[in-house]
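Position 1 is the first residue of the sequence; numbering continues from there.
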Amino acid sequence: MVQYAWLVPLLPLVAYVFLLFLGRKAPEGIVAGVSVVLTAISFVISLFVFQAVGSHPNGNDTYVFHWLTVGSRNFDVGFQVTHLNALMLVIVTLVSALVLLFSKGYMHRDERFPVFYQYLNLFVFSMLALVLSPNLLQLYIFWEMVGLCSYLLVGFWYFKPEAALAAKKSFIVTRIGDTGMFAGIILLFLASGSFDYSTIFSAATAGTLSFHGMSSGTVATVAALLIFMGAVGKSAQFPLHIWLPDAMEGPTPVSALIHAATMVAAGVYLVARAYPLFVSAPAALHTVAWIGGITALLASLIALTQRDIKRVIAYSTVSQLGYMMMALGVGAYAYGVFHLMTHAFFKALLFLAAGSVIHALDTQDLFEMGGLRRKMPLTTYTFLAGALALAGIVPFAGFWSKDDILGATLASGHPVLYAFGLLAAFCTAFYIFRVFFLAFTGQPRDEAKYEHAHEGGWVMAVPLVILAAFATLAGFFNTPLNHHGLERYLFADYAAPHSAAGTDVVATIGQTYPENIGLMAVSVAVGLFGILVAALFYWRPGKGAERAARMFSLPYQVSFHKFFVDEAYEWFFVGGGKRLAALVRWFDVYVLDGLVQLLGRLGSVGGRLLRFSQTGQIQTYSAWATVGLLVFVAIAVFRIGGVFG
């Protein structure tokens, strides 16, 4: 079955081409039906591929064919199926099929409904092709296609200035990271002679990377850091995290699919896919861990005070991606991928449930909501399942993966990063239940909006229920109850006899950490305490909460303004660019143009002076000619020699 994995990305591509030829006037039912059915078939094929790879633990099946020849170099394209990307195929196709179904209700009667589905299908194809790529060059091509689709979907409502600006911001910021990633890919090609993963990993682990006298370790470190730049951009890690919250200007299904479950996880997938390279560069791996830890804490602190329901969840996404990076950086390879899986389910659920609320109320402001539990019970309880999973409350999916990461971080000798993660866990529980209490409990804050609130129909309800089930149960896939099935599944990529990974890589990737009941209890207690504090402030707020709000007004403002990172970028980069442009303009106008204008004016003045010599009288011209002749004679006599030489 593995040899048919190419069908998984092909079917969404067929849907895209079909909708392209169908045109913009196609009926909504046909547009959504074709998209959902073909993506669902891709999901079924993915399950078969996942099972086939699991029952064949010795293989990374690669199918390539010749693409082009440049000089003496041959370049191949095709697909490669590993245990890691077989899992990714299942995650991407499942979430995509559910989001495509949900979009039928959410985007109903939008005048560009078919175009929206075209973009979504193109994105799903690009993401799946990225996952299956057998080499870095092919991955980079689809990496950029994913970025293009994100740009198109963030700016889908282009008539809104905010959406247009958000699309440009996301495109520009992620290009910064992609530039570094491209440089890293080229460096690896020059150092190893190939774009293929296996060749690069073999050279890195054997210490045979070579580029202009640099040692193999230095090349691996520089290349890994450059590759990580691409992951920082795509997965919205500090300091390139600023684009993701603004990307919420796109339709909510886009946020659920691209900016929670798939595209932003591509950066985490890239680090996991290139893990043998990172293990060969310990400095790069430590950088991944610290960037991830800082991002997890920073984004969770910002999410505490945001008023827009989608922005809170967006910053939550940034924070959880930081957890995944931190796990990979401390050597907990399987736990980082495990959190990627569980996060895809519960975060897509939270975004879609938020979309259900926005669809019902036509507002994203939390302080215009309230009391929706009575009007929208299905959305309420599915959102609650996602919130409990995100907060890491046992036995929901997020508990197992987040606790694994925290335990591995402490066990690997990183107490500061563990403290970052624990504090972020408290903030996470607080802010997500702040959203829950403000939106679903208490009394309505806008009676007019509340009166029109309603559930969105079965096409929106079914994805919520399915994702709620996964948010509740998916964590058991890698628990002692399942004998840590995911860890054993993923480790098979590097346990095969022909694996390109060296002994150190296998030891690092295959490392596991025993469950620590004490740490698990601390983690759950921190999450429950965060929920309790949120309840005190927002479920039944009293004078104590008001006094606390006044007491913490300065931290509140710092958090609400996102630690002024955007303002700092605006002043330093945008403002600095404008100041530099003004300086260049001054130099151009007053120095370069001034010099040119000076020469021009000198010529003009000279011409005016010469004009007086043109009298039109022949005798005057004869006199000047005589004077000139006498001057030449004098020069000849006295300077050149003449009769006195």
Side-chain angles (χ1 to χ4, degrees), residues 82-85 87-88 91 131 139 177 181 184 197 201 204-205 220-221 223-238 240-241 264-297 299 317-344 400-414 416-418 420-421 424 478 484 486-487 489-491 493-494 501 504-513:
T82 68
H83 293 77
L84 173 63
N85 63 26
L87 175 66
M88 287 295 296
I91 296 170
V131 166
L139 177 139
M181 176 182 170
Y197 292 122
F201 297 162
T205 54
T221 300
L225 289 173
L226 289 171
I227 294 289
F228 182 57
M229 281 184 63
V232 167
K234 198 71 81 183
S235 288
Q237 298 294 284
F238 176 82
L240 300 182
H241 65 285
V264 293
V268 178
Y269 169 78
L270 176 63
V271 175
R273 187 69 184 88
Y275 209 61
L277 173 66
F278 281 86
V279 172
S280 302
L285 210 57
H286 292 155
T287 302
V288 172
W290 280 96
I291 291 294
I294 292 169
T295 303
L297 179 57
T317 299
V318 175
S319 179
Q320 298 305 304
L321 291 166
Y323 270 108
M324 299 174 210
M325 289 296 189
M326 185 170 70
L328 293 172
V330 300
Y333 167 79
Y335 299 157
V337 177
F338 181 30
H339 199 55
L340 186 158
M341 181 190 76
T342 59
H343 175 264
W400 302 104
S401 56
K402 182 206 69 177
D403 186 74
D404 280 344
I405 291 173
L406 291 177
T409 301
L410 186 60
S412 63
H414 294 84
V416 176
L417 288 178
Y418 172 76
F420 281 9
N478 193 52
H484 299 285
L486 183 67
E487 292 176 33
Y489 186 86
L490 293 172
F491 180 61
D493 278 336
Y494 299 97
D504 293 340
V505 178
V506 172
T508 302
I509 292 176
Q511 188 171 4
T512 59
Y513 300 89

Is it the case that the side chain of [X] and the backbone of [Y] share a donor-acceptor pair, with hydrogens and angles ignored and the cut-off at 3.5 Å?
X    : Y    : value
Y197 : R273 : no
N478 : Y335 : no
T295 : Q237 : no

Identify every side-chain donor-acceptor pair in residues 320-329 under 3.5 Å, counting partners at least two apart or on other chains, and give the distances.
from	atom 1	to	atom 2	distance (Å)
Q320	OE1	H339	NE2	2.8
Y323	OH	G421	O	2.4
Y323	OH	A425	N	3.2

Q: Just grab all the side chain to side chain donor-acceptor pair (under 3.5 Å) pairs involving residues 282-294, residues at least two apart or on different chains.
A: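 Of all non-adjacent pairs touching residues 282-294, none passes side chain to side chain donor-acceptor pair (under 3.5 Å).
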Are any of the side-chain heavy atoms of [X] and [Y] separated by less than 4.5 Å?
X    : Y    : result
L139 : M181 : yes
K402 : T342 : no
L87  : L486 : yes
F338 : I405 : no

Look up atom [atom1] in [X] and atom [atom2] in [Y], then write down how far apart they are to the nearest 0.5 Å.
X    : Y    : atom1 : atom2 : value
Y269 : N85  : OH    : CG    : 4.5 Å
H343 : S401 : NE2   : OG    : 9.5 Å
F201 : Y275 : CZ    : OH    : 12.5 Å

Q. Sequence neighbours excluded, which residues qualify as side chain to side chain donor-acceptor pair (under 3.5 Å) partners of T409?
A.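 Checked T409 against side chain to side chain donor-acceptor pair (under 3.5 Å); zero matches.
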(Q) In terms of relative ring orientation, are F228 and F278 parallel, tilted or perpendicular, with 30° and 60° separating the classes? (A)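 Perpendicular, since the angle between the ring planes exceeds 60°.
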Q | Listed partners of Y489 passing ring-ring contact (aromatic ring centres under 6.0 Å, His included), at least two apart | A |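 Counting only residues at least two positions away or on another chain, Y489 forms a ring-ring contact (aromatic ring centres under 6.0 Å, His included) with F50, H83.
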Q: Name all residues meeting the side-chain contact (heavy atoms from CB on, under 4.5 Å) criterion together with A281; count only those two or more places apart in sequence or in a different chain, and write none if there are none.
A: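 Per chain and number, A281 pairs via side-chain contact (heavy atoms from CB on, under 4.5 Å) with A220, T221, A224, A284.
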Q: Could I get the full list of side-chain contact (heavy atoms from CB on, under 4.5 Å) partners for A204, not counting sequence neighbours?
A: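 Per chain and number, A204 pairs via side-chain contact (heavy atoms from CB on, under 4.5 Å) with L209, L277, S280.
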Q) What pair of heavy atoms forms the shortest contact from L406 to Y418, and how long is it? A)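 Of all heavy-atom pairs spanning L406 and Y418, the closest is O-CD1, 3.3 Å.
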